[in-house]
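Heads up: the structure comes next, in C-alpha cells.
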Amino acid sequence: MEMLCFLLFSLKMGINSFYNELMDKLQTDKLQKFQQSLLNWYGGNARILPWREDPAPYRVWISEIMLQQTRVDAVKPYFERFLQEVPTIRDLAALPEDRLMKLWEGLGYYSRARNLKKAACIVMEQYHGRLPSDRKSLQTLPGIGPYTSGAIASIAFGAGEPAVDGNVLRVLARLSGNRGDLKDKAVRADLNALAEKLLSRQKPGDFNQALMELGALLCVPNGRPKCGECPVQPFCEACRQDAVDQIPVKTRKAKRKTENRTVFIIRFQHRIALRKRKEHGLLSGLWEFPNRYGHLSPEDIGKVLMEWGICPETITPLPDAKHVFSHLEWHMKGYAVRVKEKRETCSFVWARQEEIHRSYSIPSAFHAYLKALEKV
DNA sequence: AAGACGGGGCG
DNA sequence: CGCCCAGTCTT
C-alpha cells in the first residue's frame, strides 16, 4: 500500500530522480503483484456473461452500450434478444427504427439505440463493416465516449487502454485513499492517470473488467464493501485507514423537479388510443397514452377531450401513479375514458391490446396504466 | 460547466 | 425515499 501512496505521490509531485532507478524496480514488483492478485481473483470469480463467452467486437460493442448506466442483470435478456434478431453490424445498419426501439423498450436512455444504428451505418460506409480497433477512431462514433472506447479497445482488441467508469473511479478512489470529490475534474484526472499506471499491459481487457467486477461484486457502492474477500485489500489505503465508508466523496446532486400529469386510457370498443411522442426530448419517438401537463379539473378534462375530438361516454378515475426519472418526477392522475364513436380528427392511433404489446414501445413511465388496462 | 436523458436495485 | 449505477451528448 505504500507503493500506491508512492504512485499517487509521484503522479502529483513528480518522481525524485535520485530514487528513480530503485523506485522503478520496486514499483514494478509491487505493481505486478497487484495486477496478479486482481487477475487471479477475476479468473476464479468472474461472472459468466454472454458477452464474455465470445468477446467478438460487435458483441462487446453492443454490451458496452447497453451497460452504460445500466446493471448487468438488466442487460442480460436484452443482449441475448438483440443479438438473436440483429446478429451483425450490417443487420443493425439496416434495422428499421420501430424494430430497434421495440428491442430497446424498457432499457432506458433511448438515444443509445439511435446512436448505435447511426454508428453502424458509419461503420458500414467508412470502415468496410468492421468496427475500428483503436480508441480514437472508436470515439468518433456516436454513443462511444471515453469509457466505452477504452472498454471496446481493451476487451475486444486487446489494446493497452484503461476503461474508467463510475465503478472504477470508486475502486481507485478507495485503493489510493483519495478523499477528493469524484465530481471534481482534477480528481478524475488523477484517478484516470492511476488507472493508466496500474493497467496490465499483458491482459488489459481482463484487467479492466476485473476492476469493474471488483466494484460490482466486492467494492460495492451501497452498503459495506466486502473487504474480507478483496484480492487487493493489502493495497487498499481506504481499508487501511478504516475509511471505506467515507470514500469515495461525492457531492449530492440538485433535487429533482416534480411535474403533475393527467393520463387518459381512452377506449373505443376493444381499441386503445395511443399517441407518438415528439422526435426530440424526453422519451422521444416512443408511444404513450394521451396525457396533459398538470392535474386537470373535471372541466379541464372535458375541454381537453373535446380538443382531441373525443366524446366521452363514461369517465372513471384510475389510481394515481408516480414515475421517477433521474432529473424529473411525474405525479400522474389517470382516467379511463370510454367512447362510442371515434373520429379521425386527432393524431391518435387506435391499437388493440395485443398490438400494443407486440408493436408499440411504451416507456415504463406508463406501465402503471398499461397494467390498469388489463383489468378494465 | 451544467443539464438532459431511463430505469431499476438497494439500504 | 434518496442514492447509485459498465456514460454520452447537447447547449
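Treat the numbers as computed from the prediction; the structure is a model and nothing was measured. Hydrogens, waters and symmetry mates are skipped; everything else that's a heavy atom, side chains included, is used. So you know, we letter chains A, B, ... as the sequences are listed, proteins then strands, and number each from 1.
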Atom [atom1] of [X] to atom [atom2] of [N]: distance rounded to whole Å?
X       : N      : atom1 : atom2 : answer
M212(A) : dG7(C) : CE    : P     : 9 Å
K76(A)  : dA6(C) : NZ    : P     : 14 Å
L214(A) : dC5(C) : CG    : P     : 14 Å
F207(A) : dA6(C) : CZ    : C1'   : 16 Å

Given the [atom1] atoms of [N] and [M], what is the spacing between them in whole Å?
N       : M      : atom1 : answer
dG11(B) : dA6(C) : P     : 15 Å
dT11(C) : dG6(B) : P     : 15 Å
dC5(C)  : dC5(B) : C1'   : 14 Å

Just call it for R170(A): base, sugar-phosphate, or nothing, with non-hydrogen atoms closer than 4.0 Å on any strand.
->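 Contact class for R170(A): sugar-phosphate only.
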Have a look at R47(A) and say if it touches a base, only the backbone sugar-phosphate, or nothing, with a 4.0 Å heavy-atom cut-off.
->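 Touches a base.
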With side chain to side chain contact (heavy atoms under 4.5 Å, CB included) as the test, would you mind laying out the steps for F264(A) and I310(A) before giving the verdict?
-> CA-CA 11 Å; F264(A) 297 95; I310(A) 299 292; over 6 Å; no
Would a line drawn from the ring center of [X] to the ring center of [Y] be shorter than 6.0 Å?
X       : Y       : value
F289(A) : Y369(A) : no
F348(A) : W287(A) : no
W104(A) : Y109(A) : no

Mind jotting down which residue pairs meet the salt bridge (charged side-chain N to carboxylate O under 4.0 Å, His left out) criterion with at least one end in residues 100-117 of chain A? Sequence neighbours excluded, please.
->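 Passing the test, one end in residues 100-117 of chain A: E97(A)-R114(A), K102(A)-E105(A).
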Which pairs, with at least one residue in residues 139-161 of chain A and sequence neighbours excluded, count as a salt bridge (charged side-chain N to carboxylate O under 4.0 Å, His left out)?
->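 Output for this query lists R135(A)-E161(A).
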Judged by modelled atom types alone, do S200(A) and Q35(A) share a side-chain donor-acceptor pair under 3.5 Å?
->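 Judged by distance alone, the side chains do not pair up.
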Polar contact flag, side-chain donor to acceptor under 3.5 angstrom, D29(A)-Q32(A) =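 Looking only at side-chain atoms, Q32(A) and D29(A) do not form any donor-acceptor pair under 3.5 Å.
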Among R277(A), K278(A), K276(A), find the residue that satisfies the salt bridge (Lys or Arg N to Asp or Glu O under 4.0 Å) test when tested with E288(A).
->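 When salt bridge (Lys or Arg N to Asp or Glu O under 4.0 Å) is applied between E288(A) and each of R277(A), K278(A), K276(A), only R277(A) qualifies.
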Heavy atoms, side chains only, cut-off 4.5 Å: are K303(A) and D300(A) in contact?
->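 Result yes, sub-4.5 Å side-chain heavy-atom pair found.
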Interface with DNA chain C, restricted to residues 137-158 of chain A and to heavy atoms under 4.0 Å =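 Contacts with DNA chain C under 4.0 Å: L141(A), P142(A), G143(A), I144(A), G145(A), P146(A), Y147(A), T148(A).
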When you measure from every atom of DNA chain C, which of residues 48-67 of chain A have a heavy atom less than 4.0 Å away?
->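 Of all residues in residues 48-67 of chain A, the ones placing a heavy atom under 4.0 Å from DNA chain C are L49(A), W51(A), R52(A), E64(A), L67(A).
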Should K322(A) be listed as having a side-chain N or O under 4.0 Å from OP1 or OP2 of dC1(C)?
->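 Checking dC1(C) against K322(A), a side-chain N or O does come within under 4.0 Å of OP1 or OP2.
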Given the rule in the side chain to side chain contact (heavy atoms under 4.5 Å, CB included) test, do M124(A) and I89(A) qualify, once you have shown the distances and angles that lead to the verdict?
-> CA-CA 8 Å; M124(A) 289 307 295; I89(A) 296 182; 4.1 Å; yes
Could you walk me through whether V249(A) and N178(A) pass the side chain to side chain contact (heavy atoms under 4.5 Å, CB included) test, one step at a time?
-> CA-CA 9 Å; V249(A) 175; N178(A) 191 322; over 6 Å; no
Please work out which residues in residues 160-167 of chain A have a non-hydrogen atom less than 4.0 Å from an atom of DNA chain B and list them by number.
->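 The answer is none.
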Does W51(A) have R59(A) sitting over its ring (NZ/CZ under 6.0 Å from centre, angle to axis within 45°)?
->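 No; the conditions do not both hold, so R59(A) does not lie above the ring face of W51(A).
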Which letter, B, S or -, goes with each nucleotide of nucleotides 2-11 of chain B from 5' to 3', with contact meaning a protein heavy atom under 4.0 Å?
-> --SBBBBB--
Ion pair present between R338(A) and E313(A), side-chain N to carboxylate O less than 4.0 angstrom?
->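 Judged by the 4.0 Å cut-off on N to carboxylate O distance, R338(A) and E313(A) do not form a salt bridge.
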